[in-house]
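The structure under discussion appears below in the form of structure tokens.
Predicted model only: the values in this text are computed from it and were never measured. Residue numbering restarts at 1 for every chain, and letters A, B, ... go by the order of the sequence lines.
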Number of protein chains: 2
Amino acid sequence: MALSHAILAALNDCACSGYDLAKKFDGSVGFFWNATHQQIYRELIKLEEQSYIDAQLIHQEHRPDKKIYTLTSKGEEYLRSWIETPSTVSPLKDDLLVKIFAGSIASSETIVAELKHHRAQHLETLHTYQSIAAQVFPDRSQLSNVERYHYITLRQGIGIETEWLAWCAESIELLEF
Amino acid sequence: MALSHAILAALNDCACSGYDLAKKFDGSVGFFWNATHQQIYRELIKLEEQSYIDAQLIHQEHRPDKKIYTLTSKGEEYLRSWIETPSTVSPLKDDLLVKIFAGSIASSETIVAELKHHRAQHLETLHTYQSIAAQVFPDRSQLSNVERYHYITLRQGIGIETEWLAWCAESIELLEF
DNA sequence: TAACCCATGTAACCTGTTACATGATTAA
DNA sequence: TTAATCATGTAACAGGTTACATGGGTTA
């Protein structure tokens, strides 16, 4: 039931359509929870059946109609009670580490190339996070309550990506010399 | 098809039964790929059908019989070719970050308590990794090829857990004062 | 004598992925 | 005129979770 929580969290941030949500899941919430548009549409139907969200049909000229979803008070209560229930650390699923674990059956050049490839991806993600930090949180001493929480999640991304980069560099060195 | 790779990687490390694999997925490979025993048994059947692994039935007195699975050369080739195919960074799925993203609908005490709870879990994991490092890799200048790769994955765990701890501490401070 | 370990499995269900489908509008 | 954007959906399948089931052996 975790996709539902991510959707409710996104809708709590701002009411929007399934299509908008799908785009949000490519940024913001999507940085720590990924989902395709099909999953989102399916989940929205269930959430509406459970009265956690309300849909308002918006008729548009020259564009397909859309449904704007809003959290109901029941949905908000449900989100809050989930947040208040302690959880364990989310399990990892990481391809790169599986590859490196079995790395000895390939050549070290292959593994080093893959590490460099991942280093480039992490560097790009770090740059994305840093530019969001500069653009949406230029003044860290003046954060609203909502902003402070968003900023904390951004800091996590920046810290973790920085750590990945350091580890990639260290591992490449260990394998090249 | 990623569980299959994790199983092949585990079997490449050492031939074992489904039951042993399930235990391995609570440590070693399990640190970066989790799976239940039901998933493992189901996947083993498929891998055997595809001739990526071979089963040898071991009859035991006073204990249920068991099947020891070994990688075939076809399975090894398949694992190697997967490792040689570049992959993108694995997507995240993290409950805590979703909770914090929507943190403003709960009290800051709730969020701080959850951060402390997670900090304790990360500290425990870090200790686990550090004791493995001390016990299985006491002399880092004398690593075999296989050990070097395992050591690199352990270093990742140590680095990431350390970063999580730093982030938890920083976030708690931001919310408490 | 209760609980846990060894060892494997079935069944039902939920979640996630991929492909396909529609149809108008807008920018290159 | 080609591709992308807006907006929603169906269908089939793969992967993951939870509960249930068996039955002997060992440890507290």
Side-chain angles (χ1 to χ4, degrees), chain A residues 1-8 10-11 15-27 29-30 32-50 53 55-69 82 87-88 90-95 98, chain B residues 1-8 10-11 15-27 29-30 32-50 53 55-69 82 87-88 90-95 98:
Chain A
M1 277 261 117
L3 173 58
S4 63
H5 302 129
I7 289 175
L8 295 175
L11 289 178
C16 61
S17 67
Y19 185 85
D20 294 332
L21 272 173
K23 276 193 297 177
K24 265 199 155 189
F25 275 78
D26 269 343
V29 206
F32 34 86
W33 202 277
N34 76 319
T36 60
H37 84 273
Q38 293 85 349
Q39 273 179 275
I40 292 166
Y41 281 117
R42 188 164 53 182
E43 198 65 38
L44 284 170
I45 292 165
K46 283 191 213 164
L47 289 170
E48 200 183 352
E49 278 168 8
Q50 292 169 103
I53 58 176
Q56 196 194 346
L57 193 76
I58 308 283
H59 177 68
Q60 298 185 118
E61 303 287 333
H62 314 301
R63 229 158 246 295
D65 293 354
K66 62 178 175 181
K67 290 182 213 156
I68 298 292
Y69 291 97
W82 171 68
S87 55
T88 53
S90 300
L92 261 191
K93 292 227 165 170
D94 195 287
D95 278 50
V98 176
Chain B
M1 279 258 115
L3 173 58
S4 63
H5 301 129
I7 289 176
L8 294 176
L11 289 178
C16 60
S17 68
Y19 185 84
D20 294 332
L21 273 173
K23 276 194 299 178
K24 266 199 152 189
F25 275 78
D26 269 342
V29 205
F32 34 87
W33 202 277
N34 75 320
T36 61
H37 83 273
Q38 293 83 347
Q39 273 179 277
I40 291 166
Y41 282 117
R42 188 164 52 180
E43 197 65 38
L44 284 170
I45 291 165
K46 283 189 212 165
L47 289 170
E48 201 183 350
E49 279 169 6
Q50 294 169 101
I53 58 175
Q56 196 195 346
L57 194 77
I58 307 284
H59 177 68
Q60 298 185 117
E61 302 287 333
H62 313 303
R63 226 160 247 296
D65 293 354
K66 64 177 172 179
K67 290 183 212 156
I68 298 293
Y69 292 97
W82 172 68
S87 55
T88 53
S90 300
L92 262 191
K93 291 228 165 169
D94 195 287
D95 279 49
V98 176

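Within the 4.0 Å cut-off from OP1 or OP2 of C/dT8, at least one side-chain nitrogen or oxygen of B/Ser17 is found. B/Lys46 has no side-chain polar atom (N or O) that falls below the 4.0 Å cut-off from OP1 or OP2 of D/dA14. Taking side-chain N and O atoms only, B/Tyr41 has no distance below 4.0 Å to OP1 or OP2 of C/dG9.
Listed by chain and residue number, A/Glu49 satisfy the side-chain contact (heavy atoms from CB on, under 4.5 Å) test with A/Ile45 (two or more places apart in sequence, or in another chain). Scanning for side chain to side chain donor-acceptor pair (under 3.5 Å) contacts around B/Lys67 gives an empty result, with sequence neighbours left out.
Contact annotation: the side chain of A/Asn34 never approaches that of B/Leu92 to less than 4.5 Å [non-hydrogen atoms, C-beta and beyond]. Taking the side chain as every heavy atom from C-beta outward, A/Leu3 and A/Phe25 approach each other to under 4.5 Å.
Atom-to-atom, CD1 of A/Ile45 to C1' of C/dC14 comes out at 16 Å; the value is rounded to the nearest Å. In this structure, B/Leu21 atom CG and C/dT8 atom P are separated by 9 Å, rounded to whole Å. Counting to the nearest Å, the P atom of D/dA4 and the NZ atom of A/Lys23 are 16 Å from each other. Going from atom CG of A/Asp26 over to atom P of D/dC6 covers 12 Å, rounded to whole Å. Distance B/Tyr19 OH to C/dC4 P: 13 Å, rounded to the nearest Å. Spacing between atom CD of A/Glu48 and atom C1' of D/dG9 amounts to 15 Å, rounded to whole angstrom units. We find that NZ of B/Lys66 is positioned 14 Å from P of C/dG9, with the value rounded to whole Å. Atom CD1 of A/Ile40 is separated from atom P of D/dA7 by 14 Å (rounded to the nearest Å).
Residue B/Tyr41 is tested with B/Gln38, B/His37, B/Glu43, B/Gln39 for a side chain to side chain contact (heavy atoms under 4.5 Å, CB included); the sole match is B/His37.
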Once base and sugar-phosphate atoms are separated, protein heavy atoms under 4.0 Å mark nucleotides 16-28 of chain D, 5' to 3', with B, S and - as BBBBB--B-S---

Using side-chain contact (heavy atoms from CB on, under 4.5 Å), reason through B/Trp33 and B/Ile7 one step at a time and then give a plain yes or no.
CA-CA 10 Å; B/Trp33 202 277; B/Ile7 289 176; over 6 Å; no

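Note that the CG atom of B/Asp65 and the OG atom of B/Ser17 stand 12.0 Å from one another [nearest 0.5 Å].
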